[in-house]
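Following: one structure in structure tokens, then a few remarks.
All values reported here derive from a predicted model rather than from experimental measurement.
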Amino acid sequence: MQNFQGVGVSPGRIIGSVRQMPKPVSEPPSGERLAAGVSPEDAVAGLKAAAQSVHDELKSRADTASGDGKAVLEATALMAKDTMLLKSAAKLINAGSSAERAIWEAGASVSEMLHNLGGYMAERATDVLDVRARIVAELRGVPAPGIPSSETPFILVAEDLAPADTATLNPAVVLALVTSGGGPQSHTAIIARSLGLPAVVAAHGVDSIADGSEVYVDGAAGSVALEPGEEQRAAATAWAETSATLAEFDGNGTTADGHLVPLLANVGGAKDAVAAAGLGAQGVGLFRTEFCFLERDTEPSVDEQAAAYKAVFDAFPGKKVVLRTLDAGADKPLPFLTDATEPNPALGVRGYRTDFTTPGVLERQLEAIARAASGSEADVWVMAPMISTAAEAGRFASLCAAAGLQTPGVMVEVPSAALTAATVLREVGFASLGTNDLTQYAMAADRQLGPLAELNTPWQPAVLRLVQLTVEGSAQEGNNKPVGVCGEAAADPALAVVLTGLGVTTLSMTARSLAAVGTVLKTVTLEQAQELARLALSAPSATEARDWVRAKLPVLEELGL
């Protein structure tokens, strides 16, 4: 039995057959000409036939899809028959270019033109690049890029998933995700948790697993095994039975001795908020407001923003909803706000810092939040991302006060904010630890890079120490300000126990993780959680911190977590 070890990012024990994600389509060589004996007329006819085939396949998949995935597939299918694209390619073929090179160059030109038009047309630019790759694959007779189409469930194995890939990911067909790249905070990991799919990332060597091979995936242990035996089959069967008991959260986050730890949800919009409320979330600990701004070339109006925010507030009447103001920059560039030429955008003008270079956007967002809050029954809190100093915290608090917002706070993602938490929290009403970025900055390890996955885990004792310092800072000089965690660390049931032991007051996570975290929390007292926190802090490495704590929580093995 061959084993592959990676990083477990979403629990579950699954047995299924593998489907490998097709490799990205390589660019046809520059200057590639028509093959000998192939006329331009035949090449154009072949191109049109390939485009029609791509259109028909995408349209067929769109007919059985729903929601965002259906819209993505329909838009891409239309682009496969775009007359401008095909005419541009035919012109290049008639000049002697191969069909593959012609559609590649034509796609680049059309994509650039659409991008420059802005607005809705700019959103179609990526569809062109997707469809040109599909047409080239069809011309070459190789599998199309993207998630394989299948009528039977399978375990998806890939180098990593791009955000666009996930638009067509059907959790009823994809049983689990395994990637050779990515890290515990990568896009793939976050998507897996939100969909409730077992997932292992940074599993070196899984690219070599043949299509159709039967494998066992343990999303908690981070392991993948070929040719599973009776022990693995029994574990998968037990998980199928256990997972049903973890499907519901009773809406009461508490330890065994009654210490309250409200369990909140991370959401990106009204749809997420309604789903989270349905799953028992006790409020929202992170409302990512970027969804109003992304894929736009201009800033949304105050009215547009207010309507979008109120739709989230309305899902949680009488409960806390914590908004994060616009977190643009780094992996979320915005043409009207961020500088795409920054050499190191993760350490550049992002989050709250954009107000230094483009003043006014933040104040208008706060105005929209206040307007939405005034017509809502939710308890609205607002926090700024990428706060580094007490002065920045104070200025943000004053902007909130000017807008009429009563509860300003800060994200603790920069180590300086954790180290000076006492002075930072004098200025605002609360803090929320963004453990994804806090980890990447503390460990100097890009959260998207698979080779750095071992460094990029919130189990690092140095990161846990920064959490402890933030909590201690909140208690100094009579502050006693709430400190929550809204990073992905909160979704790990074992780590949730440690965070509770460190004094964190609330935990916010993808809504699908609420039940598992709530179930495990109820098995320990606050004193036991504090003991486990001390144990984790004393560990010499992240691996030992995790292993030591998990060994003291047998319920995790019982539940397959």
Side-chain angles (χ1 to χ4, degrees), residues 5-11 181-186 188-190 193 199-204 219-222 330 346-347 386 388 411-421 431-473 483-504 507-509 513 517 529-553 556 561:
Q5 187 61 45
V7 179
V9 294
S10 184
Q185 313 304 341
S186 66
T188 299
I190 293 170
R193 294 186 195 105
V200 177
V201 300
H204 180 69
L347 299 178
M386 288 296 288
S388 304
M411 291 280 288
V412 175
E413 302 162 289
V414 183
S416 65
L419 294 168
T420 60
S432 186
L433 288 144
T435 51
N436 303 4
D437 273 330
L438 183 62
T439 302
Q440 102 165 326
Y441 292 134
M443 304 307 297
D446 189 322
R447 56 194 266 194
Q448 302 294 332
L449 293 182
L452 302 180
E454 187 176 339
L455 286 174
N456 212 325
T457 165
W459 279 101
Q460 289 287 353
V463 177
L464 297 178
R465 177 64 176 137
L466 289 171
V467 174
Q468 182 185 46
L469 286 172
T470 305
V471 173
E472 289 174 351
V483 175
V485 169
C486 63
E488 292 295 319
D492 178 340
L495 196 46
V497 171
V498 170
L499 294 170
T500 299
L502 289 173
V504 166
L507 298 167
S508 189
M509 63 205 73
S513 298
V517 171
Q530 290 167 343
E531 289 174 2
L532 290 175
R534 287 191 289 270
L535 184 65
L537 283 168
S538 70
S541 72
T543 299
E544 286 164 298
R546 183 177 184 271
D547 290 349
W548 291 358
V549 169
R550 290 183 63 85
K552 298 284 188 180
L553 292 170
L556 297 172
L561 297 171

Practice prompt. Give the minimum heavy-atom separation between A491 and R193, together with the two atoms involved.
Written response: CB-CD, 4.4 Å

Discussion item. Could you measure the distance from the OG1 atom of T435 to the CG atom of L495? Nearest 0.5 Å is fine.
Written reply: 7.5 Å

Fill in: Distance in Å, N456 CG paired with N436 CG, rounded so as to fall on 0.5 Å steps
8.5 Å

Worksheet item: Can W459 and T543 be said to form a side-chain contact (heavy atoms from CB on, under 4.5 Å), step by step?
Response: CA-CA 7 Å; W459 279 101; T543 299; over 6 Å; no

Discussion item. Distance check, rounded to the nearest 0.5 Å: M411 atom CE versus M386 atom CE?
Written reply: 10.0 Å

Practice prompt. Calculate, to the nearest 0.5 Å, the distance between atoms CG and OG1 belonging to L455 and T439 respectively.
Written response: 10.5 Å

Discussion item. Any heavy-atom pair between the side chains of S388 and V414 that's under 4.5 Å?
Written reply: yes

Item to complete: Drop me the distance from L499's CG to D492's CG, to the nearest 0.5 angstrom.
Response: 8.5 Å

Practice prompt. Mind listing the closest non-hydrogen atom pair of A536 and V498 along with its distance?
Written response: CB-CG1, 4.2 Å

Fill in: Non-hydrogen atoms of W548 and S538 that approach each other most closely
CZ3-OG, 3.9 Å

Worksheet item: Considering only heavy atoms from C-beta outward, does the side chain of L419 approach that of T470 to under 4.5 Å?
Response: no

Fill in: Closest heavy-atom pair and its distance - A462, M443
CB-SD, 4.4 Å

Practice prompt. Indicate the atoms forming the closest heavy-atom contact of V504 with L507, along with that distance.
Written response: CG1-CD2, 4.0 Å

Worksheet item: Can you check whether E454's main-chain N or O pairs, donor with acceptor, with Q460's side chain at less than 3.5 Å?
Response: yes

Worksheet entry | Between CD on residue E472 and CG on residue L502, distance to nearest 0.5 Å | 9.0 Å

Worksheet item: So, the side chain of Q530 versus the backbone of T500: is there a donor-acceptor pair under 3.5 Å, distance only?
Response: no

Discussion item. Using every non-hydrogen atom in the two residues, find where A490 and S508 come nearest and quote the distance to one decimal.
Written reply: CB-O, 3.3 Å

Worksheet item: Are the side chain of R534 and the backbone of A529 linked by a donor-acceptor contact shorter than 3.5 Å?
Response: no

Fill in: Residues L433, L438; criterion side-chain contact (heavy atoms from CB on, under 4.5 Å); working and verdict
CA-CA 8 Å; L433 288 144; L438 183 62; 3.9 Å; yes

Fill in: Any side-chain heavy-atom pair of S432 and V485 under 4.5 Å
no

Practice prompt. Answer yes if the side chains of E544 and S541 hold a donor-acceptor pair under 3.5 Å, and no otherwise.
Written response: yes

